[in-house]
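To keep things clear, I will list the structure first and then write my remarks on it.
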Amino acid sequence: MSKENTQVLKQRREKADLLADLGVKLYNNSFKPDNRVKELLPKGEHLAAETQDETNYTYSIAGRIMSMRKFGKAAFFHLTDNSGRIQVYIKKDLLGDEVFATFKKWDIGDIVGIEGKLFKTKMGELSVLADKLVMISKSLRPLPEKFHGLTDVETRYRQRYVDLIVTPESRQTFVKRVEIIRLIREFLSNRGFMEVETPMMHPVPGGATAKPFETHHNALDMKLYLRIAPELYLKRLLVGGFERVFEINRNFRNEGLSTRHNPEFTMLEFYQAYATYQDLMDLTEEMVSWLCDEVNGTMEIEYQEHTVNLAPPWKRMTMDEALVEVGGLNAEDLTDNKKVMALAKDKGIQLEEQAGPGKAKTELFELLVEEKLIDPTFITAYPTEVSPLARRNEDNPDVTDRFELFVTGRELANAFSELNDPVDQRQRFEKQIAEKGADEEIHSELDEDFVRALEYGMPSAAGEGIGIDRLVMLLTNAPSIRDVILFPHLKAEVKQQSKKKKKTNQPKHV
RNA sequence: GGGUCGUUAACUCAGUCGGUAGAGUAUCUGCCUUUUAAGCAGAGAGUCGUGCGUUCGAGUCGCACACGACCCA
C-alpha cells in the first residue's frame with residue numbers, strides 16, 4: 001500500500017540510519033531499569049516546585065516517549081511504562097554535546113532508558129532530570145495525534161498494539177478483564193472447585209446447538225470439530241469423581257459476527273456435584289456482585305444508557321411469570337398449548353413444523369421480555385423442549401430445573417440441574433437428532449461415549465456457563481464484544497494491489 | 001441477507017453550486033535551557049477506499065464492489 005512508503009516513514013528510517021552511523025545502537029537489550037514509574041511518584045510527592053530531591057538518589061526507568069517539547073539546548077518529554085507516566089528533563093550542559101546531538105534525533109514513540117534524579121518543575125510537576133540516556137528501541141512509525149488519539153475503530157481493532165499505546169481506557173479495559181478472570185479463579189478455588197482443561201477438538205461436537213468449525217487430523221485421518229461447549233467433557237469428570245470442576249477457555253461457533261458475537265469467545269463452565277440450580281443462583285449472585293465490587297468498587301454501575309444494581313438478592317421468576325409480568329401476556333393463555341402456539345403466530349414468530357409450545361414460549365420470551373430485564377434477573381422453569389441436557393422438574397415434566405440470568409437485556413449465564421439419567425438422556429438426544437430440522441450445518445450425532453459415561457453413574461449435580469466476554473462488557477461498560485477481546489476477528493485486511501503487481505499475477509503461459 | 005452512514009496527508013478532520021486539494025497535530029530546516037495541546041519563522045508531504053459511467057471537466061453526481069460502524073432479520 002502507498003501508506004508503506006510515505007515521507008514520514010522514509011524520514012524516520014533515514015534518521016535511524018543517521019543515529020546508527022553516529023554509533024548509537026538502535027535496538028539495545030542491555031539497559032535494565034531498576035525502577036518503575038509508579039514507584040517514583042510517591043518519592044517526590046513532598047517536593048516543592050523548583051526543588052531537587054534532597055536524597056540525590058539516581059533512579060533508572062525505561063519506557064516509551066509519548067510527547068516531546070524540544071528547545072535549543074534542552075527538552076522535556078513524557079515517558080510511560082506499564083505502571084504510569086512521568087516527565088523527563090534533558091539539559092545539554094548535563095549530558096555533553098555528543099549525547100545531546102544524538103538525543104536530537106529521538107522521536108515520539110521511541111522506547112528509551114533514562115537515569116536521573118527527581119525534581120519538581122516551576123509548574124510543580126514531578127520530573128526526572130536525566131544524566132544518562134539510552135536508546136532501547138527506535139520507532140519507525142509515527143504515533144497517532146496526541147490530542148484526539150486513535151478514534152478509527154477499525155484501526156483500533158486491527159492494530160490493537162497502537163490502540164494500547166495511545167488509548168488509556170482501552171488498556172484499562174483489558175487490565176480489568178484479566179483481573180475479573182483472576183478473581184473468578186480465586187472465588188471458585190476458594191469453594192473447592194478444581195480448574196481443568198478438556199479437549200478443544202471434539203470428534204462429536206456437543207453441549208450446545210451451534211454450527212462448529214471443522215478441521216482434519218492428518219495422521220489419524222479423522223474429522224475433528226473445534227468445540228462449541230466443554231459441557232459433555234466436564235460432566236464426564238463428574239462421573240470420574242471430581243465433584244467440583246471448572247474450565248475457563250475458548251469456545252468456537254461458526255456463525256455470524258456482531259457486537260455481541262465473536263467466532264471464538266471465552267466461557268466459564270463449572271459443575272458442582274450434589275447441588276441444584278437453586279444453589280447455583282445463590283453462588284452466581286454472590287460471585288458476580290463480588291466481582292463487580294472488587295473491580296469497580298461499587299455494585300451499582302452504568303452500562304451504556306442503563307444504571308444497573310448488582311447488589312443481591314436478584315429477582316427470580318419463572319418463564320411463565322416473566323411472560324405475564326414483563327411480557328404482558330394473560331396467565332391463563334399460557335396453560336393452554338394451542339393458545340400459546342396461536343400467540344406466537346400472532347406476534348409474527350415463525351416456528352419450524354416440529355416446534356411445540358415450549359419452543360413457542362421461549363420465542364415469545366425472547367421477543368417480549370428479554371430486552372426489558374435490565375437489573376439482574378434469574379428466569380427459571382425453561383421448557384424441557386428447549387433444554388436437552390437439563391433435568392426435568394419433578395412436579396412438572398414439561399419444564400426443567402434450569403435458569404438463565406439476564407442483565408441489561410442480555411443473557412449472561414445459563415445453568416441447570418444436570419440430567420443424569422442415561423436412558424432419558426439417550427432418548428432426548430435421539431429426539432433432538434430426529435427434529436434437527438433443515439439446518440445441515442448443525443452437526444447432530446449422538447455422543448455414544450457420553451451416554452456410556454452416564455451409564456456408569458453421574459452424581460446429581462448442577463452446572464453453569466457464564467460468557468466471560470459479556471461479563472467483562474458489563475463490568476467495563478463496553479458497547480461491543482470487540483472492545484473486550486484483544487484481537488477480535490475482522491474480515492481480512494484488503495491489500496490494495498498496484499497495477500504492476502496485478503500484471504505479474506497474470507498467467508505466465510499466455 | 002436488507003437498510004442507513006462512513007472511507008480525503010502518518011493521525012484528527014474541513015472541502016460550498018461539478019472547475020483540478022485545505023487546516024491542526026506529526027515530520028523536516030532555523031531560533032529557543034522550566035515546557036506540558038510550548039512558542040516563533042519557513043518547508044515538504046495526497047493513486048481523495050477500488051473500478052466503471054455521466055460530463056469539456058468528478059473528492060463532489062450515478063452504478064458496482066471492498067472494508068468498517070449502527071439498525072433490522
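Quick note on labels: first sequence line is chain A, next is B, and so on, each numbered from 1.
With a cut-off of 3.5 Å on both Watson-Crick or G-U wobble distances, the partner of B:U20 is given as none. The partner of B:G53 is B:C61, judged by Watson-Crick or G-U wobble contacts that both fall below 3.5 Å. Across every strand in view, B:G42 sits in a pair with B:C28 that passes the Watson-Crick or G-U test at under 3.5 angstrom. Nucleotide B:U36 is matched to nothing when pairs are restricted to Watson-Crick or G-U wobble geometry with both distances under 3.5 angstrom. Under the Watson-Crick and G-U wobble criteria, each requiring two contacts below 3.5 Å, nucleotide B:C70 is paired to B:G3.
Separation of the P atoms belonging to B:U8 and B:G51 is 15 Å when rounded to the nearest angstrom. When the C1' atom is used for both B:C28 and B:A58, the distance is 34 Å, rounded to whole Å. Nucleotides B:U20 and B:G46, compared at atom C1', are 13 Å apart to the nearest Å. Rounded to a whole angstrom, the distance from the P atom of B:G15 to that of B:G6 is 11 Å. As rounded to the nearest Å, B:G59 and B:U7 have C1' atoms that lie 12 Å from one another. Taking atom P in both B:G49 and B:A9, the straight-line distance is 8 Å, to the nearest Å. Rounded to whole Å, the P atom of B:U47 lies 34 Å from the corresponding atom of B:C71. Of the P atoms belonging to B:C67 and B:U50, the separation is 15 Å, rounded to the nearest Å.
Residue A:Lys70 contributes atom NZ, which lies 17 Å from atom P of B:U34 at whole-angstrom precision. The interatomic distance linking A:Lys73 (NZ) with B:U34 (P) rounds to 11 Å, in whole Å. The separation between A:Arg156 atom CZ and B:A69 atom C1' is 13 Å, rounded to whole Å. The nearest whole Å value for the distance from the CD atom in A:Glu305 to the P atom in B:C71 is 10 Å. Distance, A:Asp163 CG to B:A10 P: 20 Å, rounded to whole Å. Spacing between atom CG of A:Leu94 and atom P of B:U33 amounts to 14 Å, rounded to whole angstrom units. Across the protein-nucleic acid pair, A:Leu490 atom CG and B:A66 atom C1' stand 14 Å apart, rounded to whole Å. Remark: P of B:A26 and CD of A:Gln7 are 15 Å apart, rounded to the nearest angstrom.
With B:A26, B:C28, B:G68 as the candidates, the nucleotide lying closest to the side chain of A:Asp107 is B:C28. Between B:U29, B:U34, B:U33, one nucleotide has an atom nearer to the side chain of A:Lys91 than all others, and that is B:U33. The side chain of A:Pro142 approaches B:A10 more closely than any other nucleotide in the set B:A10, B:U29, B:A69. When each of B:U29, B:A26, B:C32 is scored by its nearest atom to the side-chain atoms of A:Lys105, the top-ranked nucleotide is B:U29. Distance from the side chain of A:Thr259 is smallest to B:C70 among B:U36, B:C70, B:U34. Proximity note for A:Glu145 (side chain, C-beta onward) versus B:G68, B:A10, B:U12: the nearest is B:U12. Closest contact between the side chain of A:Ser480 and the listed nucleotides B:C11, B:C70, B:U36 involves B:C70. Taking every side-chain heavy atom of A:Phe119 into account, B:U34 is the closest of B:U36, B:C32, B:U34. Nearest nucleotide to the side chain of A:Glu154, out of B:C67, B:U35, B:U33: B:C67.
At the phosphate of B:G68, OP1 or OP2 sits under 4.0 Å from a side-chain N or O atom of A:Arg158. Under 4.0 angstrom from either OP1 or OP2 of B:U33 there lies no side-chain N or O belonging to A:Lys92. Using a 4.0 Å cut-off, some side-chain N or O of A:Arg482 falls inside it from OP1 or OP2 of B:A69.
A donor-acceptor contact shorter than 3.5 Å links the side chain of A:Arg160 to the backbone of A:Leu486. At distances below 3.5 Å, not a single donor-acceptor pair connects side-chain atoms of A:Asp107 with backbone N or O atoms of A:Pro142. Panel note: side chain A:Glu404, backbone A:Leu412; no donor-acceptor pair is recorded below 3.5 Å. Checking side-chain atoms of A:Tyr225 against main-chain N and O of A:Met200 turns up no donor-acceptor pair under 3.5 Å.
Sparse packing is recorded around CD of A:Glu371, with 12 or fewer heavy atoms of other residues, nucleotides or ligands lying under 6.0 Å away.
Residue side chain A:Phe76 meets the stacking definition with respect to B:U35: its ring centre sits within less than 5.5 angstrom of the base's six-membered ring centre, and the planes differ by less than 30 degrees.
Note that A:Lys70 lies in the cation-pi zone of A:Phe103, set by a 6.0 Å cut-off to the ring centre and a 45° limit from the axis.
Taking for each of A:Val8 and A:Phe77 the nucleotide of RNA chain B with the nearest heavy atom, the 5'-most of the two is the partner of A:Val8. Between A:Tyr89 and A:Thr151, the one whose closest nucleotide on RNA chain B sits nearer the 5' end is A:Thr151.
Relative ring orientation between A:Tyr89 and A:Phe119 is described as tilted, the plane-to-plane angle lying within the 30° to 60° band.
Residue side chain A:Asp93 reaches the base of B:U33 through a donor-acceptor N/O pair under 3.5 Å, judged by distance alone. In terms of polar N and O atoms assigned as donor or acceptor, the side chain of A:Gln87 comes within less than 3.5 Å of the base of B:U35 in a complementary pairing. In this model, a side-chain donor or acceptor of A:Thr121 finds a partner on the base of B:U35 within 3.5 Å.
A:Ile90 comes within 4.0 angstrom of no nucleic acid atom, judged by non-hydrogen atoms across all strands.
In this structure, A:Ile374 and A:Val308 have side chains that are in contact, with non-hydrogen atoms separated by less than 4.5 Å.
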